[in-house]
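Report on the structure given below.
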Amino acid sequence: MKAEILEYIKEIQETRIEKFKDTAAEVEQFRIKYLGKNGVMNQLFEQFKTVPNEQKKELGQALNQLKTAAQQKIEEFKNYVESKEESAHLHDLTMPTDFSELGSRHVLSVVMNEISEIFSRIGFTVAESVEIEDDWHLFSALNFPPDHPARDMQDTFFVEKEEGKQEVALRTHTSSVQVRVMENNKPPIRIIAPGRVFRNEAISARAHCIFHQVEALYVDKKVTFADLKQTLLYFAKEMFGEQTQIRLRPSYFPFTEPSAEMDISCNICGGKGCNICKGTGWLEILGCGMVDPNVLEACGIDSKQYSGFALGMGVERMAMLKYQIRDLRLYFENDLRFLKQFESII
């Protein structure tokens with residue numbers, strides 16, 4: 001009997017993992033063969049009962065050695081099969097090769113693209129330019145007086161401000177794009193200028209030192225304020241819905257005359273009054289006006305022959321109204337919890 005046990009131990013020790021190539025079922029068959037109810041171990045223990053007492057100690061040790069060898073081999077086989085199955089899963093050629101999440105457009109990009117699309121339907125093309133501008137394109141050509149507050153360090157990030165040299169600054173508005181277009185193109189001109197702008201302001205829920213604008217410019221013969229009003233009404237209805245109403249309030253901008261600010265009927269309460277519109281039923285969204293003749297002349301356009309209108313809006317403000325976002329800082333913090341809310345927007 002001892003020789004039989006030693007033969008089984010040798011058989012177990014010489015059994016190789018490679019024998020179990022496919023599934024855990026073969027490992028289970030191996031376990032049943034040695035440790036099952038009718039397996040080798042139980043049969044040997046039955047025979048052990050008939051062995052003379054003087055041989056039981058030696059045979060008992062051999063049986064325990066056999067059982068331990070079988071248990072260790074089974075555990076080794078199980079670990080091998082599990083690791084092989086896991087490896088096969090990771091290298092399944094039918095699975096996608098990239099497990100990273102798909103990204104989406106930022107909400108500001110979505111709104112800027114939507115604004116651009118609305119104006120493109122009525123013949124406006126997109127114009128872009130540099131973000132670091134000189135004083136002429138940023139202020140002087142736009143009829144800003146030398147002592148205008150926008151030239152002050154509190155409002156503008158100056159890149160270069162040396163005596164005897166033209167000041168260079170981060171652009172505070174995309175109106176500089178309009179100047180460059182008018183300098184290099186003859187009317188008719190019909191463009192929009194989307195882009196990033198910078199102002200030296202304290203960061204809060206309602207203000208930021210970085211934000212985005214979309215400005216529009218139309219210059220041609222016999223352009224009137226009526227053309228401006230109809231363009232604004234068209235834009236408001238396309239952006240916020242057919243039920244949207246507009247109103248224009250007199251205002252002042254150095255580069256337009258006359259100038260106005262435009263409000264839309266509150267799209268939250270339908271004009272009835274709520275905390276978003278502060279109970280007025282109206283929301284301010286942009287500034288506009290007829291291009292000042294001095295601006296046209298500064299850009300080389302005959303103001304007696306041509307006229308035009310311009311308008312500008314903050315993209316963050318438009319996104320706040322459209323998606324009821326309360327804090328400007330959320331746009332720039334890259335918080336995935338915020339950004340994921342807009343994944344479904346095209």
Side-chain angles (χ1 to χ4, degrees), residues 112-113 115-145 148 150-151 155-156 166-199 211-225 227-232 234-235 251-262 285-315 317-318:
M112 194 178 299
N113 290 343
I115 295 170
S116 300
E117 173 63 23
I118 291 171
F119 278 98
S120 70
R121 295 175 205 152
I122 52 175
F124 285 79
T125 58
V126 174
E128 296 178 331
S129 188
V130 295
E131 293 182 349
I132 300 177
E133 272 290 9
D134 55 54
D135 178 86
W136 169 257
H137 294 95
L138 203 54
F139 299 123
S140 299
L142 291 166
N143 205 35
F144 280 82
H148 195 279
R151 294 173 177 265
D155 291 329
T156 306
Q166 188 172 199
E167 294 175 351
V168 178
L170 298 179
R171 66 183 182 189
T172 56
H173 46 206
T174 54
S175 302
S176 58
V177 181
Q178 299 180 28
V179 175
R180 289 187 176 276
V181 170
M182 287 189 286
E183 284 179 334
N184 296 287
N185 297 273
K186 294 181 179 180
I189 296 170
R190 190 179 299 186
I191 60 102
I192 57 170
R196 183 169 50 183
V197 297
F198 311 84
R199 291 184 188 174
F211 56 101
H212 299 76
Q213 284 186 335
V214 175
E215 299 193 13
L217 172 70
Y218 178 36
V219 178
D220 202 352
K221 295 179 179 179
K222 298 180 180 180
V223 177
T224 67
F225 202 92
D227 298 315
L228 170 60
K229 183 179 178 181
Q230 285 303 116
T231 301
L232 294 173
Y234 162 78
F235 169 74
S251 186
Y252 166 75
F253 303 109
F255 36 84
T256 54
E257 180 60 38
S259 303
E261 290 181 346
M262 188 184 91
I285 66 166
L286 58 82
C288 59
M290 301 301 294
V291 179
D292 192 295
N294 291 336
V295 175
L296 294 175
E297 294 292 341
C299 296
I301 296 175
D302 187 353
S303 61
K304 294 181 174 60
Q305 187 176 5
Y306 295 99
S307 58
F309 67 71
L311 60 95
M313 67 195 81
V315 178
R317 172 72 169 167
M318 303 297 287

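Considering only heavy atoms from C-beta on, V181 comes within 4.5 Å of I189 through its side chain. Contact check for F139 versus E167: no side-chain heavy atoms found under the 4.5 Å cut-off. Contact annotation: the side chain of H137 never approaches that of V130 to less than 4.5 Å [non-hydrogen atoms, C-beta and beyond]. Residues F309 and F225 have side chains not in contact (no heavy-atom distance under 4.5 Å, counting atoms from C-beta outward). In this structure, M313 and I285 have side chains that are not in contact, with every pair of non-hydrogen atoms separated by 4.5 Å or more. Between V214 and T174 there is no side-chain heavy-atom pair separated by less than 4.5 Å. Annotation: side chain of F211 is not in contact with side chain of R317 (no heavy-atom distance under 4.5 Å). Taking 4.5 Å as the limit, every side-chain heavy atom of E128 sits out of range of all side-chain heavy atoms of V177.
Between the OG atom of S175 and the CG atom of L138 there is a distance of 8.5 Å, given to the nearest 0.5 Å. Rounding to the nearest 0.5 angstrom, the gap separating the NE2 atom in H173 from the CD atom in E133 is 8.5 Å. Separation of atoms CE (M318) and CD1 (I115) is listed at 5.0 Å; rounding is to 0.5 Å. Taking CZ from F124 and CD1 from I192, the interatomic distance works out to 8.5 Å, rounded to the nearest 0.5 Å. Rounded to the nearest 0.5 Å, atoms CD (E131) and CZ (R171) are 5.0 Å apart. In this structure, the separation between CD on Q213 and OG1 on T172 is 8.0 Å, given to the nearest 0.5 Å.
Checked by atom type and distance alone, the side chain of N184 pairs as donor or acceptor with a backbone atom of R180 at under 3.5 Å. In terms of modelled atom types and a separation under 3.5 Å, the side chain of N185 and the main chain of M182 share no donor-acceptor contact.
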For residues 286-303, which side-chain N or O atoms pair as donor and acceptor with protein atoms under 3.5 Å away, sequence neighbours left out?
from, atom 1, to, atom 2, distance (Å)
D292, OD1, N294, N, 2.8
E297, OE2, S303, N, 2.9
E297, OE2, S303, OG, 2.7
D302, OD1, K304, N, 3.0

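The salt bridge (Lys or Arg N to Asp or Glu O under 4.0 Å) search around E183 returns none, not counting sequence neighbours. Scanning for side chain to side chain contact (heavy atoms under 4.5 Å, CB included) contacts around S140 gives D135, W136, R151, with sequence neighbours left out. Partners of E215 according to the salt bridge (Lys or Arg N to Asp or Glu O under 4.0 Å) rule, which considers only residues two or more places apart in sequence or in another chain, do not exist here. Evaluation of the side-chain hydrogen bond (donor to acceptor under 3.5 Å, both in side chains) rule for Q230 yields no partner, not counting sequence neighbours. R190 is linked by a side-chain hydrogen bond (donor to acceptor under 3.5 Å, both in side chains) to Y218, counting only residues two or more places apart in sequence or in another chain. Remark: P188 pairs with D220 by the side chain to side chain contact (heavy atoms under 4.5 Å, CB included) rule, at least two apart or across chains. Applying the side chain to side chain contact (heavy atoms under 4.5 Å, CB included) rule to K222 yields no partners; only residues at least two apart in sequence or on another chain are considered. Here Y234 pairs with I118, R121, I122, E238 under the side chain to side chain contact (heavy atoms under 4.5 Å, CB included) rule; sequence neighbours left out. Judged as a side-chain hydrogen bond (donor to acceptor under 3.5 Å, both in side chains), and not counting sequence neighbours, the contacts of T256 are S259.
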Q: Would you please test R199 and D155 for side-chain contact (heavy atoms from CB on, under 4.5 Å) and show each step?
A: CA-CA 5 Å; R199 291 184 188 174; D155 291 329; 5.7 Å; no

Q: Output, in order, the C-alpha distance, side-chain angles, deciding distance and verdict of side-chain contact (heavy atoms from CB on, under 4.5 Å) for I132 and L170.
A: CA-CA 5 Å; I132 300 177; L170 298 179; 3.8 Å; yes

Q. Stepwise, does the side-chain contact (heavy atoms from CB on, under 4.5 Å) test hold for F119 with T231?
A. CA-CA 9 Å; F119 278 98; T231 301; 4.0 Å; yes

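The ring pair (Phe, Tyr, Trp, His ring centres under 6.0 Å) contacts involving residues 179-199 comprise nothing, where partners must be two or more places apart or lie in separate chains. Applying the salt bridge (Lys or Arg N to Asp or Glu O under 4.0 Å) test to every pair with at least one member in residues 251-261, sequence neighbours left out, gives these pairs: R249-E261.
Contact record, A169 with T156: CB-CG2, 3.5 Å, taken as the closest heavy-atom pair.
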